Amino acid sequence: MDGLRFGDYTGSVSALSKPSRTAALVADLTGAQRAAVEHGDGPLLVLAGPGSGKTRVITRRAAYLAGTVTTAAHVLAITFTNKAAREMQERIAALDVEAGMTVCTFHAWCARLLRTHSRQAGIAPHFTVLDRDDRRRLVKSAIESAGLSPTHLPVAAVERAIGDAKCEMQTPEAYRASRPGWQEQTCGHVYAEYEKLRVRMEALDFDDLLVSAARLLTEAEQVRGRLEDRYRYVLIDEYQDTNLAQYVIARLLTRDRQNVCATGDPDQSIYGWRGANIRNILTFEKDYPTARVVCLEDNYRSTKRILRVADALIARNCQRKEKSLRTGNAEGPAVVVVECETAEEEAAWVAREIRTLRDQEERGGEVAVFYRVNSLSRAMEDALRKEGLAYQIARGVAFYERREIKDVLAYLRVLVNPADDLSLLRIINTPPRGIGGTTVDRLVNLAREREQPLARLITEEDVLRALGRPAAAVQRFDCLLKELAEALTLAAPRALEYVLSYSGLRALFGRTENMEDAAAGNLDELVSAATLFQHDHPDARLVDWLEYAALVSDVDTVREGAGRVTLMTLHAAKGLEFDTVFIVGMEDGLLPLRRDEEDASDVEEERRLCFVGMTRARRRLVLSRARYRMARGAAIRTVRSGFLDELPRAELEWSCLEDSAPRAGRSAEEQASAERFADWSVGRLVRHPLHGLGQVLALDGGPRSWRAAVLFRDGSRRAFILEHAPLELVAFDEVGD
DNA sequence: AATATTCCCGTTTTT
DNA sequence: CGGGAATATT
């Protein structure tokens with residue numbers, strides 16, 4: 001990520017003697033970078049601004065430690081993303097470090113720890129890892145189980161509450177004790193139920209991995225001590241994004257030796273809403289009084305102009321460590337700000353601009369478009385397609401979220417962990433085998449009553465008898481599971497194949513011939529992935545692969561370059577860099593994002609998010625906004641983002657695009673819409689398939705999206721969008737009836 | 001039990 | 001406007 005101008009060291013160092021080898025590790029570094037790499041024992045904090053060569057410093061330091069004061073096996077490097085872990089691994093390997101260093105994500109490390117110390121942690125060694133979808137379903141089930149209704153109590157809110165509680169390492173009891181509010185009490189109650197169900201099915205969600213690991217380290221001093229002896233040097237990347245559990249883990253792992261190296265940038269802390277505590281990095285020096293602090297302020301990525309603009313913005317934040325950004329790079333062109341009329345025009349303008357760039361000699365280099373919320377991608381996609389530009393979207397959900405993939409994995413999960421009710425429910429009638437909703441409901445209720453896993457329940461004689469006719473199908477399903485258990489003796493790829501063919505899933509997804517239905521292909525891809533995994537980890541068992549599949553679901557879809565425009569949210573942009581960056585939707589309420597006035601949203605974090613986006617740009621930065629944006633079917637007038645006003649005018653090239661003249665495509669559309677609803681007027685009678693006859697009380701919204709308020713015979717008043725509502729105008733001569 | 005409507009509700013999401 | 005879930009329909 002640090003650009004080539006930095007002079008990548010590519011030669012082989014293996015032939016050199018040890019001292020010159022370590023000398024080579026720092027030969028091309030700046031003073032500050034070198035200081036960080038060569039720092040010996042004791043805590044070290046590396047505050048690394050954007051584009052300052054942070055990754056380079058960490059990898060060099062890891063290699064340096066392994067080659068001087070210790071060996072690779074004693075070094076632990078922790079990242080947040082799989083992508084970062086992989087990159088670090090590759091770069092360290094390229095530095096010719098002996099094998100045996102542990103480089104992985106927090107979650108993977110915790111999962112491994114909990115499996116190897118499952119007894120001390122009080123957890124089943126074959127525990128299931130719950131992904132986000134699993135958690136949502138389990139929360140729903142917990143709500144029902146608590147005697148409440150998911151329609152009354154928003155699942156998302158409870159999910160958030162549980163997430164918040166876990167990030168703060170609070171048990172349901174602690175959560176309720178700390179929050180007296182009525183709603184929080186209810187959430188706490190569901191949380192308790194959730195935990196009960198989760199424990200019963202021998203599963204851990206993502207947060208549990210961290211929390212349980214932190215608890216284990218807290219409570220089992222022997223384990224903690226052994227780990228500290230094993231991992232004598234701990235490096236933690238993106239320290240500004242650590243939450244309480246991660247913080248506890250880091251502290252406990254380095255309690256005696258204090259050999260912790262934290263790297264990060266408080267100005268790039270953008271996951272506060274997920275429990276990350278920026279104070280962890282801000283108070284590092286208090287936590288480790290002997291800490292040495294190294295600041296990397298030289299930027300090797302962006303132009304002077306871009307840095308001055310980004311710096312002016314971030315300087316508005318109060319909660320931060322002052323830090324300047326400097327670069328020896330060129331001055332560069334002005335940062336461009338564009339105000340358009342509508343979101344469509346904004347997108348079209350950006351697309352045209354990219355086209356122009358592409359027609360130039362350097363073709364604009366790598367180009368990215370960032371936005372605050374995913375919903376803004378649609379307009380951009382349409383515009384890019386119209387302009388004939390290839391693009392790629394970094395979407396959060398990927399391969400492992402697909403239905404067919406989750407289905408096979410569910411089979412394997414049930415085999416590995418029969419208590420996994422969630423997975424069992426997923427496959428009990430997939431492929432269809434005559435076990436309908438009513439039967440499933442009955443089983444679920446019984447399971448709830450008896451506090452028994454479904455897999456066991458369906459083997460009970462009395463249950464089968466009570467089930468009546470569908471009992472045969474249920475029994476057949478149970479037999480199938482027993483047959484499939486054979487797969488447990490196989491390596492992951494074989495196990496997959498086995499389950500795919502014997503469960504009938506292969507047949508189910510193989511015959512769907514919809515052209516865009518890539519299900520069969522996806523399954524093949526999954527088998528390939530498993531094969532690859534088995535190749536890389538010859539000793540891995542099926543559990544290990546399942547864990548990998550749960551934790552690695554972020555198969556980074558974003559590939560470098562390829563001449564395609566990259567679309568992503570600002571959050572996804574962290575750690576990346578592009579020659580040209582567009583940030584669209586620079587509007588109040590969108591960036592900074594706010595849903596209702598004075599919600600708890602943290603403007604400083606929003607500013608950091610904007611800062612992260614801006615500092616991804618190497619040469620060109622463009623910020624845009626629309627004066628009108630569609631929200632819930634209607635065009636809403638927007639207010640431009642306050643962040644734009646915080647930028648130094650002298651560095652900007654500001655243009656306000658008026659309603660662009662030629663809009664042939666649209667006017668035709670508009671005309672059609674106008675014609676279609678020309679007969680509509682206030683007072684006319686209409687018929688609705690459900691509500692019957694009614695009278696139009698009001699019409700508004702304009703030619704682009706007509707809306708009508710209708711009073712029905714039963715006295716109810718309803719609003720409709722004409723384009724979509726199944727409303728029919730009643731002819732005048734029909735009124736007689 | 002599977003398909004067709006209508007209704008409901010909209011942040012960000014490393015693992 | 002659009003997806004997803006709850007409900008209505010055959």
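Protein chains get the first letters and strands the later ones, always in sequence-line order, with residue 1 at the start of each. Being a predicted model, the structure only gives us computed values, none of them experimental.
For the side chain to side chain contact (heavy atoms under 4.5 Å, CB included) test, residues two or more places apart in sequence or in another chain that qualify with N277(A) are R279(A), N280(A). Considering only residues two or more places apart in sequence or on other chains, A471(A) meets the side chain to side chain contact (heavy atoms under 4.5 Å, CB included) condition with L464(A), L467(A).
Contact annotation for R135(A): no contact, since no heavy-atom pair falls under 4.0 Å across all strands. Residue D205(A) is out of contact with every strand shown, counting any heavy-atom pair closer than 4.0 Å. Within 4.0 Å (heavy atoms only), G437(A) reaches sugar-phosphate atoms of the nucleic acid but no base atom. Using a 4.0 Å heavy-atom cutoff across all strands shown, Y271(A) reaches at least one base atom of the nucleic acid.
Taking every side-chain heavy atom of H571(A) into account, dT13(B) is the closest of dT15(B), dA6(C), dT13(B).
For R594(A) and dT12(B), the shortest distance from a side-chain N or O to OP1 or OP2 is not below 4.0 Å. Under 4.0 angstrom from either OP1 or OP2 of dT13(B) there lies at least one side-chain N or O belonging to N374(A). The side chain of T569(A) places an N or O atom within less than 4.0 Å of a non-bridging phosphate oxygen (OP1 or OP2) of dT13(B). Between N82(A) and dT14(B), a side-chain N or O to OP1/OP2 separation shorter than 4.0 Å is absent.
dG4(C) sits 16 Å from dT13(B) when the P atoms are compared, rounded to a whole Å.
Both N429(A) and I270(A) sit near DNA chain B, but only N429(A) has its closest nucleotide nearer the 5' end.
Residue side chain R274(A) reaches the base of dT15(B) through a donor-acceptor N/O pair under 3.5 Å, judged by distance alone.
A stacked arrangement is assigned to W273(A) and the six-membered base ring of dT12(B), with a centre-to-centre distance below 5.5 Å and an interplanar angle below 30°.
With respect to F80(A), the ring pair (Phe, Tyr, Trp, His ring centres under 6.0 Å) criterion is satisfied by exactly one of Y239(A), F106(A), W109(A): F106(A).
Using modelled atom types, one finds a donor on one side chain and an acceptor on the other under 3.5 Å when comparing E238(A) with Q240(A).
Nucleotide dT11(B) is shown with a syn base, its glycosidic torsion being within 90° of 0.
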